[in-house]
Structure formats: structure tokens, C-alpha cells
> 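There's a structure below that I have some questions on.
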Amino acid sequence: MKKSLFFIAILFSIIATAQYEIVYNLEKGKSYPQNQVVTSEQQQVINGMPQEITTIITTETDYLVTDVKDGIYYIDIIIKKMSNETKTPMGTETITSDGPESNAMNTIFKNMIKEPIKITMNKHGEILSFDNIAQLEGLTNGVEMPQMQLLQVEAALKKEMSAEKQTANYQQLSAILPKEKVAVGDSWFQSITVNSIAAFEATSNFELESVNDNSYIISSTAIVKSPDNASTNLNGMKANYSLSGHELWYIHYR
């Protein structure tokens, strides 16, 4: 009886410390959806008056695997819909790719999603190449604005949508898997620097919470922090900003 209990204890110990290699296992010809909602709350002081702004960015995307060679995935990122909702004390403004073309920004969003972004990615989610040239062409087609303003808008968009910046943004979503084998309860880290309108550093802690026959459940907490005395340019005006806070999210990976 004691020997049986001892064997069961050893078996339980082996199961509890099982190691898992978590990598992407994508198939050629298949499409993988990703729906993302990012909500940010900002507290600003403008001319001495406090102002709260809430921004909700929603994106519906398909990752179509066009080929797999030597462990490298060739993927078309197809953005099906994107929207930006901004709530301020003055009201709510919504920009959406399927909204009426009477809103110039709706048309620009619609133009952004006409062509796929082409990337290559390894099994750990690291983006090896990023091609969004087709996406950047014709961003302002059909937009009714004075020519000078149109050129300024187009230049600003292309700067913010550069391959370098977008690679960092997309890799933040894809390169979240551990490089080594992990057991339930193990943690790993990821640090990235985002250089957009506002630059900041995000340090994420991931933990493998549970495993079943079909999926891994991964939780993540992130600390966001901007550089000291950070500033940016908003509509031609210098603005100081300070970002700090925590994010919490769960990943259901199959």
C-alpha cells in the first residue's frame, strides 16, 4: 500500500511539473481571426482646466497564412473593420471604416483596409519582415479637403504607419510566447518601447495558468511608463505627458 501511494505521489509530481513548448502551429490556407478592443483613459489639463478623454479603438482582423516554408509563416494581415471612438466633455466622435463617406476620416479608414499587410513570422511570433506599401497607397483617395491640408494629413499618416512603427505594434500582439519550455505557474517577460504620438515603455509579465487538451490559458499584467519629462507635438502645439499604469488581460491560445 505504501509503495502504491509512493508511486502515485511520483506520478503526480511528474504531471504537475510537465513542460510545454508553446509555439504557433499555423496551417497554410487557413485564416485566423483577431478582434482587438483597446480602451484608454486620459486626464489632461488644458489652459488650467482638467479634462477627461476616453478613447476606444476597435479592430477586426484576419491573419491569412499564404505559405509555410522552413518554419516561417507567410501571412496576409487583412483588416476587415477599424474604428476609433473618442469621448470628451464636448461629446463623442466616432470614426469608422464602414461609416458614411461624408466624414473624411471615415473614408481614410476605409482606404487603410483595402489592401492587406504582408508579413513573415517565425513560430514564436517574431515578425521577420513587414510590407505595408500597398496599404499606404491611396490613403486620401476620395477625401474632400483643401489640397494643402490633404498633403499634411497624408504625410502625418504615413509617418505614423511606417513599417518600423507598425512592426513594433503588431509584434506586441504576436511575440508573447515563451522562448523556452514552461510549466503551469511559470512566468516570462516582454519589454517593448512604443514610439508613436506618445513614446512609452511597456513591460509585460506572462504566466501559464492552465493547460487542457485544446488550449493554453495565459494571463498577463503589464506596467506602462513614459520617459521623464516626456513631450510630443499635437496639432502644432507642444504637449507634456506622463503615462503610468497597469494592464491585465487573458490569452486563450489554441
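What you see below is based on every heavy atom in this structure, not just the backbone, and it leaves out hydrogens, waters and symmetry mates.
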> So which of Thr107, Val153, Leu150, Leu157 actually passes side-chain contact (heavy atoms from CB on, under 4.5 Å) with Leu139?
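By the side-chain contact (heavy atoms from CB on, under 4.5 Å) criterion, Leu139 pairs with just one of Thr107, Val153, Leu150, Leu157: Leu157.
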> Apply side-chain contact (heavy atoms from CB on, under 4.5 Å) to Met82 and Glu60, showing your working.
CA-CA 6 Å; Met82 58 188 297; Glu60 297 178 13; over 6 Å; no
> Below 4.5 Å, heavy atoms only, C-beta onward: do Val65 and Asp67 meet side chain to side chain?
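A side-chain contact is absent here, since even the closest heavy-atom pair is not under 4.5 Å.
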> To the nearest 0.5 Å, how far apart are NE2 in His124 and CD in Gln171?
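Here the interatomic distance stands at 12.5 Å.
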> So, taking the atom named CD in Glu126 and the one named OG in Ser174, what distance separates them when rounded to the nearest 0.5 Å?
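Nearest 0.5 Å value for the CD-OG distance: 8.5 Å.
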> When you compare the side chain of Lys181 with that of Asp186, does any pair of heavy atoms fall below 4.5 Å?
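The answer is no, as the side chains (C-beta and beyond) never meet within the 4.5 Å cut-off.
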> State, yes or no, whether a side-chain contact exists between Ile75 and Ile117 at a heavy-atom distance under 4.5 Å.
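Not in contact.
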> Roughly how far, to the nearest 0.5 Å, is CG of Leu136 from CD of Glu154?
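With rounding to 0.5 Å, CD (Glu154) is 9.0 Å from CG (Leu136).
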> Does a salt bridge link Asp98 with Lys110, judged by any charged N lying under 4.0 Å from a carboxylate O?
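Looking at Asp98 and Lys110, the cut-off is not met.
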> Measure from the side-chain N and O atoms of Trp188 to the backbone N and O of Glu180, and report whether any donor-acceptor pair falls under 3.5 Å.
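Answer holds: no.
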> Looking at Glu21 and Lys123, does any basic side-chain N land under 4.0 Å from a carboxylate oxygen?
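Between Lys123 and Glu21 there is a salt bridge, with a charged N closer than 4.0 Å to a carboxylate O.
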> Apply side-chain contact (heavy atoms from CB on, under 4.5 Å) to the pair Val184 and Val211, showing each step before the final yes or no.
CA-CA 7 Å; Val184 172; Val211 177; 3.9 Å; yes
> Can you find a heavy atom in the side chain of Lys81 that is under 4.5 Å from one in the side chain of Thr96?
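When only atoms from C-beta onward are counted, Thr96 and Lys81 do touch, with a gap below 4.5 Å.
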> Donor-acceptor pair, distance only, cut-off 3.5 Å: does the side chain of Tyr24 make one with the backbone of Met121?
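The answer is no, because no donor-acceptor pair under 3.5 Å joins these two groups.
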> Check whether NZ of the Lys or CZ of the Arg Lys69 lies under 6.0 Å from the centre of the six-membered ring of Tyr74 and within 45 degrees of that ring's axis.
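Judged by the rule (NZ or CZ under 6.0 Å from the ring centre, within 45° of its axis), Lys69 counts as positioned above Tyr74.
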> When you look at Ile119 and Ile77, which way does the side-chain contact (heavy atoms from CB on, under 4.5 Å) test go after all the steps?
CA-CA 8 Å; Ile119 69 169; Ile77 300 177; 3.9 Å; yes
> Does Asn106 use its side chain to pair, donor to acceptor, with the backbone of Ser97 at less than 3.5 Å?
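Not at all, since once roles are kept as given, no pair shorter than 3.5 Å links the two residues.
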> Starting at CD1 of Ile113, measure out to CD1 of Ile108 and round the result to the nearest 0.5 Å.
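Those atoms lie 13.5 Å apart.
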> Are Tyr20 and Leu26 grouped together when hydrophobic residues (ILVMFWY) are joined by side-chain heavy atoms under 4.5 angstrom apart?
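Same cluster: Tyr20 reaches Leu26 through Ile, Leu, Val, Met, Phe, Trp or Tyr contacts under 4.5 Å.
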> Taking Gln135 as the fixed residue, which of Glu115, Lys118, Lys114, Gln166 is the one that meets the side-chain hydrogen bond (donor to acceptor under 3.5 Å, both in side chains) rule?
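That would be Gln166; it is the only one of Glu115, Lys118, Lys114, Gln166 passing the side-chain hydrogen bond (donor to acceptor under 3.5 Å, both in side chains) with Gln135.
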> With clusters built from Ile, Leu, Val, Met, Phe, Trp and Tyr whose side-chain heavy atoms come within less than 4.5 Å, directly or transitively, what are the remaining members of the cluster of Leu64, listed by chain and number?
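Members besides Leu64, by chain and number: Ile78.
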> Taking the side chain as C-beta and beyond, is there a heavy-atom pair between Thr92 and Glu85 under 4.5 Å?
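Contact flag for Thr92/Glu85 side chains = yes.
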> Under a 4.5 Å cut-off applied to non-hydrogen side-chain atoms, are Asn122 and Leu128 in contact?
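Result yes, sub-4.5 Å side-chain heavy-atom pair found.
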> Among side-chain atoms of Ser210 and Asn212, is any donor-acceptor pair under 3.5 angstrom?
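No donor-acceptor contact under 3.5 Å links the two side chains.
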> Got a sec, which residues hit side-chain hydrogen bond (donor to acceptor under 3.5 Å, both in side chains) with Gln34, two or more places apart in sequence or on another chain?
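Here the qualifying residues are Tyr63.
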> Do the side chain of Asn103 and the main chain of Met105 share a donor and acceptor less than 3.5 angstrom apart?
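The answer is yes, because a donor-acceptor pair under 3.5 Å joins these two groups.
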> Just verifying a value: how many Å separate Lys158 NZ and Met161 CE, rounded to the nearest 0.5 Å?
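Atom-to-atom, Lys158:NZ and Met161:CE are 10.0 Å apart.
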> So which of Thr221, Ile218, Val182, Ile22 actually passes side-chain contact (heavy atoms from CB on, under 4.5 Å) with Phe206?
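Exactly one pass, corresponding to Ile218.
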> Is there a side-chain contact (heavy atoms from CB on, under 4.5 Å) between Thr203 and Gln190 once you walk through the steps?
CA-CA 6 Å; Thr203 302; Gln190 175 203 65; over 6 Å; no
> How long is the straight-line distance from OG of Ser220 back to CD1 of Ile176, given to the nearest 0.5 Å?
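The CD1 atom of Ile176 sits 7.5 Å away from the OG atom of Ser220.
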> Between Glu93 and Lys87 (side chain of the first, backbone of the second, donor and acceptor by atom type, cut-off under 3.5 Å), is there such a pair?
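Side chain of Glu93 to backbone of Lys87, a donor-acceptor pair under 3.5 Å: no, none is there.
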> Looking at Lys159 and Glu164, is there a salt bridge between them, counting it only when a charged N and a carboxylate O are closer than 4.0 Å?
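Looking at Glu164 and Lys159, the cut-off is not met.
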> Are Tyr216 and Tyr32 grouped together when hydrophobic residues (ILVMFWY) are joined by side-chain heavy atoms under 4.5 angstrom apart?
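Yes, because Tyr216 and Tyr32 connect within a single hydrophobic cluster, where side-chain heavy atoms sit under 4.5 Å apart.
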> Any side-chain heavy atom of Thr120 sitting closer than 4.5 Å to one from Ile127?
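Answer no - side chains too far apart.
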> Counting C-beta onward and ignoring hydrogens, is there a side-chain heavy-atom pair between Ile53 and Thr86 closer than 4.5 Å?
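A side-chain contact exists here, since the closest heavy-atom pair is under 4.5 Å.
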> Whether the Ser219 and Glu209 side chains hold a donor-acceptor pair (N or O, under 3.5 Å, no angle test) is what I'd like checked.
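Distance-only check passes for Ser219 and Glu209.
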> Do you know which two heavy atoms are closest between Pro116 and Asp76, and how far apart they sit?
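Nearest pair, atom of Pro116 first, then Asp76: CB-CB, 4.1 Å.
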> Short question: side chain of Asp131, backbone of Ile133 - any donor-acceptor pair under 3.5 Å?
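At least one qualifying donor-acceptor pair exists.
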